[in-house]
Amino acid sequence: MIEELRWRGLLADATEHAAAALSVGQVAGYVGFDPTASSLHVGSLVPIMGLVHLQRAGHCPIALVGGGTGLIGDPSGKTRERALLDRLTMEENAEGIRRQLASFLDFEAASNPARMANNLDWLDGLGLVDFLRDVGKHFSVNAMLRKESVKRRLEDEEAGISFTEFSYQLLQAYDFLELSRRHGCTLQMGGSDQWGNITAGIDLVRRMGGPQCHGVVFPLLVTARGLKFGKSEAAETVWLDPERTSPYRFYQFWLNSEDADVVRYLKLFTLLDRDEVDDLAEAVRTAPHRREAQRRLAAEVTRTVHGADGLDAALRASRILFGGSPRGLSSAEIEDVFADVPSTALARSRLEGPGAELAVVMAEAGMASSRSEARRLIRDGGVYVNGERVSATDGTLTTEDLLDGRFVVARIGKKRHFVLDAR
RNA sequence: GGUGGGGUACCGAAGCGGCCAACCGGGGCAGACUGUAAAUCUGCUGGCUCAAGCCUACGUAGGUUCGAAUCCUACCCCCACCA
């Protein structure tokens, strides 16, 4: 399993005996997820894949939702009522995360089912005195102060560090202890920035008389250009929740991967085997314009997250939006394909007779921030109506331009689509 | 509290009486090439009935002037040094 992670680029570091433990018997291992949002995003995919590989290797994956640590994450003073509300939200978020994880992990497997855990279950009833006595005494403040993350904050007079944040590593270590007691968990995985917290947990379990535990950390992902991974072209977070990021946008996000990144992504985010990845890598070299690797990557990940139907919809929309002309489509098809393209209502009466000036309509529909900008875009050749480039700055839209008597499909550049609905 | 420096478009940064809607760089957008990549190159990047023209803009409010981002006055805010 460690070897598999290494080949896929998922391994940044592991504790000394982790590989041995994983190759001998069945291990229960966990990853913590932040429940401050109700959905995971593509940035969470690395740890998720870590759990997937764990389960595929016959081990038991545990997804820990940090409900308790999430509650104290923000130390600004809150009323009791507010905290209760937050707790409810937190539980909803945890449920949302579980649903998304179910696309990746098998919660029904006979021998090694995936499990969810919420640290609220043990942090909630935890007494401060007990905690300090049983857990706190195993932590050396001297060692905690040496941590890089803490040190940086101490040196920064401005920012400083609150006691709450300082204690965070104790709580995370305590999670490991509880999981080892409750679920026999002996492995924690996480981002490489979690290394210190993970080893702190391993130490705690040992000092409390528990079993030898292990840690595996994943590399932090950056794009070939050194940018943070996980933002769309519009710099929006790409979520796994179809309500937040449609399957079409999700698919497009992956399809737009650069050549320099795509092979790495195939290894990280799909379960394709070495031969398949090698073939696709070869395709990137010999026929990059066909973007086979990108297509495969996008298809695989989209199918896993959004199912076959989600992938179909994304493919259908992609073909029409980037393939040919939208002419000839029925209203129903347009509504379907352009489902998550910004749509603006347009009074039909304005298109009758001489029609309405395109630049004016563009400004109103939010396609351009002003009429001036709209005219500039047209002048520079960046505006397309129903798939055809517009050449006249003073061009108009008339009822002639309506597809199926109802829609105008407009585009700026290659990727920014808009629908005008003259119902 | 004193002295000095400074506040310019999304950001950085020139300009220091008319040639300034404001050099230049970054960012953003569009175009070309290509592959819905990357790199590169080109153009655009205040508004208006955009061709001329007009309007609004250079911390805020006044003033001088035919004419101000540029000079004067007051005020606000930043930064540095001194106390």
Side-chain angles (χ1 to χ4, degrees), chain A residues 42 157-158 221-236 238 245-266 268-269 280-299 301-302 311 313-326 337-338 340-342 350 354-385 387-397 409-418:
Chain A
V42 291
E157 297 285 336
E158 295 283 304
L221 259 203
V222 287
T223 67
R225 280 189 285 167
L227 303 173
K228 194 167 181 284
F229 169 82
K231 301 284 184 189
S232 71
E233 303 205 357
E236 289 165 337
V238 179
T245 300
S246 71
Y248 163 73
R249 287 184 193 287
F250 188 83
Y251 177 86
Q252 287 287 324
F253 166 76
W254 296 101
L255 186 66
N256 282 311
S257 301
E258 295 177 20
D259 291 0
D261 286 320
V262 68
V263 174
R264 200 157 50 94
Y265 290 174
L266 281 169
L268 287 169
F269 301 117
L280 288 168
E282 183 60 23
V284 172
R285 269 192 301 278
T286 57
H289 57 281
R290 297 184 58 189
R291 289 182 300 147
E292 267 183 61
Q294 279 90 341
R295 286 177 206 284
R296 188 67 191 277
L297 171 70
V301 184
T302 305
L311 175 58
L315 284 172
R316 205 172 337 120
S318 295
R319 264 196 294 274
I320 291 170
L321 261 40
F322 290 99
S325 163
V337 166
F338 291 83
D340 62 313
V341 157
R350 295 179 55 192
E357 189 178 340
L358 177 59
V360 173
V361 174
M362 285 174 65
E364 285 172 16
M367 294 173 64
S369 60
S370 67
R371 297 175 187 187
S372 297
E373 187 185 326
R375 292 196 184 90
R376 263 182 248 124
L377 282 166
I378 297 172
R379 185 193 61 202
D380 295 344
V383 177
Y384 304 78
V385 168
E388 281 162 35
R389 178 179 275 175
V390 176
S391 52
T393 351
D394 56 354
T396 54
L397 287 177
V409 171
R411 174 160 63 89
I412 295 175
K414 287 189 173 93
K415 300 178 183 176
R416 294 153 67 199
H417 298 271
F418 299 85

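Every chain is numbered from 1 and lettered A, B, ... according to where its sequence line falls, protein lines coming before strand lines.
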Protein-nucleotide distance ([X], atom [atom1]; [N], atom [atom2]), rounded to Å:
| X | N | atom1 | atom2 | value |
| --- | --- | --- | --- | --- |
| A/Leu297 | B/A37 | CG | P | 16 Å |
| A/Arg295 | B/U36 | CZ | P | 8 Å |
| A/Asp380 | B/C44 | CG | P | 8 Å |
| A/Glu258 | B/A38 | CD | C1' | 5 Å |
| A/Glu373 | B/G47 | CD | P | 7 Å |
| A/Arg376 | B/C44 | CZ | P | 10 Å |
| A/Met367 | B/A30 | CE | P | 11 Å |
| A/Ile412 | B/C44 | CD1 | P | 19 Å |

Distance between the [atom1] atoms of [N] and [M], in whole angstroms?
| N | M | atom1 | result |
| --- | --- | --- | --- |
| B/C20 | B/A68 | P | 16 Å |
| B/G35 | B/U40 | C1' | 16 Å |
| B/A32 | B/G47 | C1' | 30 Å |
| B/G25 | B/A74 | P | 39 Å |
| B/C71 | B/A38 | P | 46 Å |
| B/C82 | B/A9 | P | 32 Å |
| B/C16 | B/C23 | P | 14 Å |
| B/C10 | B/G5 | C1' | 26 Å |

What does [N] pair with, Watson-Crick or G-U, if both distances are under 3.5 Å?
| N | value |
| --- | --- |
| B/U60 | B/A74 |
| B/C81 | B/G2 |
| B/A30 | B/U42 |

Please evaluate residues A/Leu321 and A/Val337 with respect to the criterion side chain to side chain contact (heavy atoms under 4.5 Å, CB included), reporting the C-alpha separation (whole Å), side-chain torsions for both, the decisive distance (0.1 Å), and the verdict.
CA-CA 8 Å; A/Leu321 261 40; A/Val337 166; 3.7 Å; yes

Under 4.0 Å between any heavy atoms, over every strand shown, what does [X] touch: base, sugar-phosphate, or nothing? Just pick one.
| X | answer |
| --- | --- |
| A/Leu377 | sugar-phosphate |
| A/Ser318 | base |
| A/Leu321 | nothing |
| A/Tyr251 | nothing |
| A/Arg389 | sugar-phosphate |
| A/Arg375 | base |

Taking the side chain of [X] as heavy atoms from C-beta outward, which of [options] is closest to it?
| X | options | value |
| --- | --- | --- |
| A/Arg371 | B/U49, B/U36, B/G43 | B/U49 |
| A/Ser372 | B/G47, B/C29, B/G35 | B/G47 |
| A/Asp259 | B/U34, B/A30, B/G35 | B/G35 |

For the aromatic rings, using the six-membered ring if either is Trp, is the centroid distance between A/Phe253 and A/Phe229 under 6.0 Å?
yes

Verify the ring-centre separation between A/Phe322 and A/His417: is it less than 6.0 angstrom?
yes

Polar side-chain atom of A/Arg295 near backbone of A/Arg290 as donor-acceptor pair, under 3.5 Å
yes

On RNA chain B, check which nucleotide each of A/Arg290 and A/Ala363 is closest to and give me the residue with the more 5' one.
A/Arg290

5′-ward residue of the pair A/Gln252/A/Ser370 relative to RNA chain B
A/Gln252

Can you find a side chain N or O atom of [X] that sits less than 4.0 Å from OP1 or OP2 on [N]?
| X | N | result |
| --- | --- | --- |
| A/Lys414 | B/C33 | no |
| A/Arg379 | B/A30 | no |
| A/Tyr384 | B/U36 | no |

If you round to the nearest 0.5 Å, how far is CZ of A/Arg376 from CZ of A/Arg371?
14.0 Å

Find the distance between CD1 (A/Ile412) and NZ (A/Lys414) and round it off to the nearest 0.5 Å.
14.5 Å

Derivation of the side chain to side chain contact (heavy atoms under 4.5 Å, CB included) call for A/Gln294 and A/Asp259:
CA-CA 8 Å; A/Gln294 279 90 341; A/Asp259 291 0; 2.9 Å; yes

